[in-house]
Amino acid sequence: MLRRSTAWLEKRGIENPRFDVELLMAHALGVKRLDLYLQFDRPLEDAELASVRALVSKRGDQEPAAYLLGHKDFYSLPFAVDARVLIPRPETELLVEHAVAALEGVDAPRVADVGTGSGCIVVSVLHALPEATGVATDVSGGALTVAAANAETHGVRDRLTLLQGDALAPLEGREGVLDAVLSNPPYIVRGDPSVASDVATHEPDVALYVSGEDPNELVERIAREALPLLKAEGFVAFEVGHESAQDARARLETLGYLDVTITPDLAGIERIVAGRKPA
Ligand SMILES: C[S@@+](CC[C@H](N)C(=O)[O-])C[C@H]1O[C@@H](n2cnc3c(N)ncnc32)[C@H](O)[C@@H]1O
């Protein structure tokens, strides 16, 4: 079953088909991945075969494995995901690492996460920093429901406020209260041919695409709206798109941010852009 399903997915252009088949089979059979090998000679019941086939067939139709499994690991925590939210990506863990390192010495830090989706960024930061409190915004009510569930699962719900609205608009008027504004906003321009077809077909448009031709449209807007909300020396940190980091840095500097840094991801792509509000 492993071999045949892997070959079938490979033919359908799925990357790492063996890994996905192992995850889906283990999920369908209610066992750990390792058990597939420990029970290699166990015959499958008809019902088991049917449920494995159903999942593998959906994966063959490009449905992302994380949606089929219902969760994705991020920063060593399992996050519930469904079609209402972007699937957390490993490069976004760098944004969390940056924020946690920068906030470690701060007394009871207050953090905002704009476009929270599954809540993976803010929930991970609050989980790592037990004194921290957070506020997360999203235009999508469905995403906020998923984020609330993840915050509950990871024991940080009582330290997180979730607000529906555009960028930082829900926080308007709360001046000088935040230590950090974090965001992995949509940054893909519609029609970009590098977007994988399973991503384009299944992940929410509102999580992927900017409204026009400027990939840093939301980065600039959030950085501008963050200035009055941040404490002196508070910081912004963004995940940005491929080849957008230098432009994002220039925009943060134009807005008056200091010490603007760019951090590459494991593939060497300039990914995290961060800057500090002047004292
Ligand atoms: C790229 S996803 C990031 C989700 C999550 N933070 C992560 O890193 O996996 C962007 C999120 O921003 C939300 N969003 C898009 N436009 C927005 C806006 N103008 N204001 C607030 N949220 C927005 C989308 O609904 C989506 O959940």
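When a ligand or atom number is given, it counts from 1 through the structure's own listing order. Atoms considered below: every heavy atom in the structure, side chains included; atoms not considered: hydrogens, waters and symmetry mates.
One option in Asp138, Val96, Val85, Asp205 has a heavy atom closer to atom 13 (C) of ligand 1 than any other, and that option is Asp138. For atom 7 (C) of ligand 1, the candidate residues are Ser140, Gly117, Cys120, Gly165; the nearest heavy-atom contact is made by Cys120. Considering only non-hydrogen atoms, atom 4 (C) of ligand 1 lies nearest to Gly115 out of Pro88, Gly241, Ala136, Gly115. Residue Ala207 holds the heavy atom nearest to atom 1 (C) of ligand 1 of all those in Ser124, Ala207, Ser211.
Under 4.0 Å is where a charged nitrogen must lie from a carboxylate oxygen, and between Asp214 and Arg251 at least one such pair does. Salt-bridge check for Glu217 with Arg221: failed, with every basic side-chain N at 4.0 Å or more from each acidic carboxylate O. Comment: Asp179 engages Lys231 in a salt bridge, judged by a side-chain N to carboxylate O separation of less than 4.0 angstrom. Taking the charged nitrogens against the carboxylate oxygens, Glu63 and Arg59 have no contact shorter than 4.0 Å, which rules out a salt bridge.
Counted within 6.0 Å of CG on Asp158, heavy atoms from surrounding residues, nucleotides or ligands total more than 12; the atom is thus considered enclosed. For Glu253, the CD atom counts as densely surrounded, since its 6.0 Å shell holds more than 12 non-hydrogen atoms of other residues, nucleotides or ligands.
At least one N or O atom of Asn184, backbone or side chain, sits closer than 3.5 Å to an N or O atom of ligand 1. Of the polar atoms of Pro186, none of the N or O atoms is found under 3.5 Å from an N or O of ligand 1, judged by distance alone. At a 3.5 angstrom cut-off on N or O pairs, Asp166 counts as close to ligand 1.
Distances below 4.0 Å separate heavy atoms of Thr92 from the following atoms of ligand 1: 8 (O).
Among protein heavy atoms, atom 22 (N) of ligand 1 sits closest to Val139 N, 3.4 Å. Of all protein heavy atoms, the one lying nearest to atom 5 (C) of ligand 1 is Thr116 O, 3.3 Å. For atom 20 (N) of ligand 1, the closest heavy atom belonging to the protein is Ala167 N, 2.7 Å. Shortest contact from atom 15 (C) of ligand 1 to any protein heavy atom: Val206 O, 3.2 Å.
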Before giving the answer on side-chain hydrogen bond (donor to acceptor under 3.5 Å, both in side chains), spell out for Glu239 and Thr92 the whole-Å C-alpha distance, their side-chain angles and the decisive distance to 0.1 Å. CA-CA 7 Å; Glu239 176 178 324; Thr92 309; 2.5 Å; yes
Can you check salt bridge (charged side-chain N to carboxylate O under 4.0 Å, His left out) on Glu203 and Arg89, steps first, answer last? CA-CA 12 Å; Glu203 299 199 61; Arg89 304 295 204 272; 2.8 Å; yes
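Judged by distance alone, the side chain of Asn216 and the main-chain N or O of Glu220 form no donor-acceptor pair under 3.5 Å.
When heavy-atom distances to ligand 1 are checked against a 4.0 Å cut-off, Leu208 has no atom that comes that close, whether in backbone or side chain.
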